[in-house]
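Numbers restart at 1 for each chain; the letters A, B, ... are given by sequence-line order, proteins then strands.
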Amino acid sequence: MLDGGNSRKWTRRSVTTNTQGRNKSGQCSDPRKLRQEILDVTVSTSATLNLNKIETSQYQQIQHFDIRQLIAQNKDLASLVTVIVFDTETTGFSRERDHIVEIALQDLQGGENSTFQTLVNPECRVLNSHIHGITTNMVNRPDVPRMEDLIPILLKYVKSRQKPGGCVLFVAHNARTFDVPFLCNAFRRCGVDIPSDWLFKDTLPMGREAMKSEGSKPSSRSISLQALREHLGIPLDGSAHRAMSDVKVLAAVFQRLTFMLKLPLASLVEDAFTASEIGTPKKKSSR
DNA sequence: TGCCAGGCCCTCTTTAGGGCCTT
């Protein structure tokens with residue numbers, strides 16, 4: 001159920017989300033319309049956010065989820081697992097100092113509402129616009145959601161894609177040391193826990209393994225997302241280093257890698273990690 | 001003044017160092 005109750009106050013400032021790659025300014029004052037627009041991901045959306053802490057906490061109370069128990073019980077994983085490829089653009093590499101400026105998701109089961117994309121207001125200057133083309137002026141605006149505005153929407157969107165009693169497998173390139181720590185820190189700053197039924201899969205070691213299986217020396221071939229895309233003959237759709245464009249590339253790369261490595265869904269899920277397994281940053285080593 | 005990201009993997013290796021990957 002997406003509504004989650006009717007007694008909440010709708011007082012947050014207006015924001016703009018965009019679920020298909022284009023941002024459109026504008027506001028919506030009707031909460032019911034907001035709900036409809038957030039889920040209507042085949043068109044650009046604009047929204048006034050009215051979600052409060054109480055609503056967010058509803059998602060934090062998800063019961064502990066143990067996918068390994070389901071595997072042991074030989075449950076039909078295809079009917080339980082939602083695979084979502086995602087990518088984040090940030091203000092830099094530091095998970096502590098830098099912030100997310102764009103996030104995009106694609107549910108691999110496809111169909112209506114299968115993609116979600118939005119810019120994120122980092123509330124700081126964007127100094128690496130030369131990388132992704134996202135400028136300070138594009139995101140430091142009242143109609144672009146801050147992370148605390150976005151999290152309830154994101155939780156709702158993912159919940160809307162989730163299968164009853166199932167989990168979500170989020171896939172990203174370098175997920176373990178980049179996207180997931182950034183996501184964890186963004187949630188932590190907002191006082192929200194990553195749901196325990198969110199699992200994560202990193203395609204970086206998959207790419208390394210696939211190259212190895214082809215006989216390449218590990219050090220001789222790049223396993224960056226763009227290098228894998230070129231190697232696998234996948235066309236670039238949009239600009240590299242924009243979140244949705246990279247998500248589309250990664251979705252194709254991920255499916256090719258699972259085929260090359262003959263990885264069944266159970267294996268993918270079993271090797272996945274949870275947000276709680278992402279440790280706190282270590283002190284810089286002496287080397 | 002010193003720091004400025006962090007984890008994984010490879011090798012000229014494991015009591016270490018350096019490159020890759022993400023923005």
Side-chain angles (χ1 to χ4, degrees), chain A residues 84-106 117-140 144 147 150 170-186 188-189 200-232 234 236 238-254 257 261 271-287:
Chain A
I84 293 180
V85 175
F86 81 106
D87 184 57
T88 54
E89 303 301 320
T90 71
T91 57
F93 290 128
S94 172
R95 63 187 70 171
E96 290 300 313
R97 292 196 322 273
D98 292 310
H99 299 268
I100 294 171
V101 291
E102 186 178 46
I103 186 165
L105 300 85
Q106 180 179 355
Q117 178 191 26
T118 185
L119 290 173
V120 182
N121 185 343
E123 299 181 283
C124 65
R125 292 178 63 199
V126 181
L127 301 176
N128 60 344
S129 300
H130 59 287
I131 299 294
H132 40 54
I134 299 168
T135 63
T136 301
N137 288 340
M138 286 169 68
V139 289
N140 275 277
V144 173
M147 205 63 209
L150 178 62
F170 288 91
V171 178
H173 201 58
N174 207 11
R176 186 176 284 278
T177 60
F178 190 80
D179 295 277
V180 177
F182 262 91
L183 200 63
C184 288
N185 275 5
R188 180 178 51 78
R189 288 180 188 126
F200 299 94
K201 181 72 181 172
D202 190 344
T203 51
L204 197 56
M206 290 174 67
R208 189 178 292 118
E209 189 65 29
M211 292 301 101
K212 206 186 296 182
S213 72
E214 286 192 334
S216 298
K217 283 185 67 177
S219 57
S220 67
R221 176 166 280 166
S222 170
I223 50 169
S224 70
L225 180 60
Q226 293 311 317
L228 289 172
R229 179 187 65 76
E230 289 175 15
H231 176 68
L232 297 171
I234 296 164
L236 178 63
S239 306
H241 289 303
R242 283 305 296 264
M244 184 50 79
S245 175
D246 283 355
V247 158
K248 287 178 179 175
V249 169
L250 182 58
V253 167
F254 173 66
L257 291 177
L261 297 172
D271 290 341
F273 58 94
T274 62
S276 62
E277 292 171 44
I278 299 293
T280 52
K282 291 179 180 174
K283 298 277 186 185
K284 191 182 180 185
S285 66
S286 56
R287 67 184 174 94

Touch class at under 4.0 angstrom, heavy-atom based, for A/Thr88 against every strand present: sugar-phosphate

Any donor-acceptor N/O pair under 3.5 Å between B/dT23 base and A/Asn128 side chain: yes

Sugar-phosphate only, base, or nothing, as touched by A/Asp246 at under 4.0 Å among non-hydrogen atoms: sugar-phosphate

Step-by-step side-chain hydrogen bond (donor to acceptor under 3.5 Å, both in side chains) determination, A/His99 to A/Thr91: CA-CA 5 Å; A/His99 299 268; A/Thr91 57; 6.0 Å; no

Sugar-phosphate only, base, or nothing, as touched by A/His173 at under 4.0 Å among non-hydrogen atoms: sugar-phosphate

Ring-on-base stacking B/dT22 with A/Phe93 (under 5.5 Å, under 30°): yes

Sugar-phosphate, base or nothing in reach of A/Asp87, heavy atoms under 4.0 Å: sugar-phosphate

First of A/Arg97 and A/Thr91 reached from the 5' end of DNA chain B, by closest nucleotide: A/Arg97

Exercise: identify the closest heavy-atom pair between A/Ile100 and A/Thr88: CD1-CG2, 4.1 Å

B/dT23 phosphate, OP1 or OP2, under 4.0 Å from A/His132 side-chain N/O: no

Nearest to side-chain heavy atoms of A/Ile131, which nucleotide of B/dC8, B/dC21, B/dT23: B/dT23

Which nucleotide in B/dC21, B/dC10, B/dG7 has an atom nearest any side-chain atom of A/Ile223: B/dC21

Residue A/Arg176, side-chain atoms from C-beta onward, closest of B/dC8, B/dT23, B/dC21: B/dC8

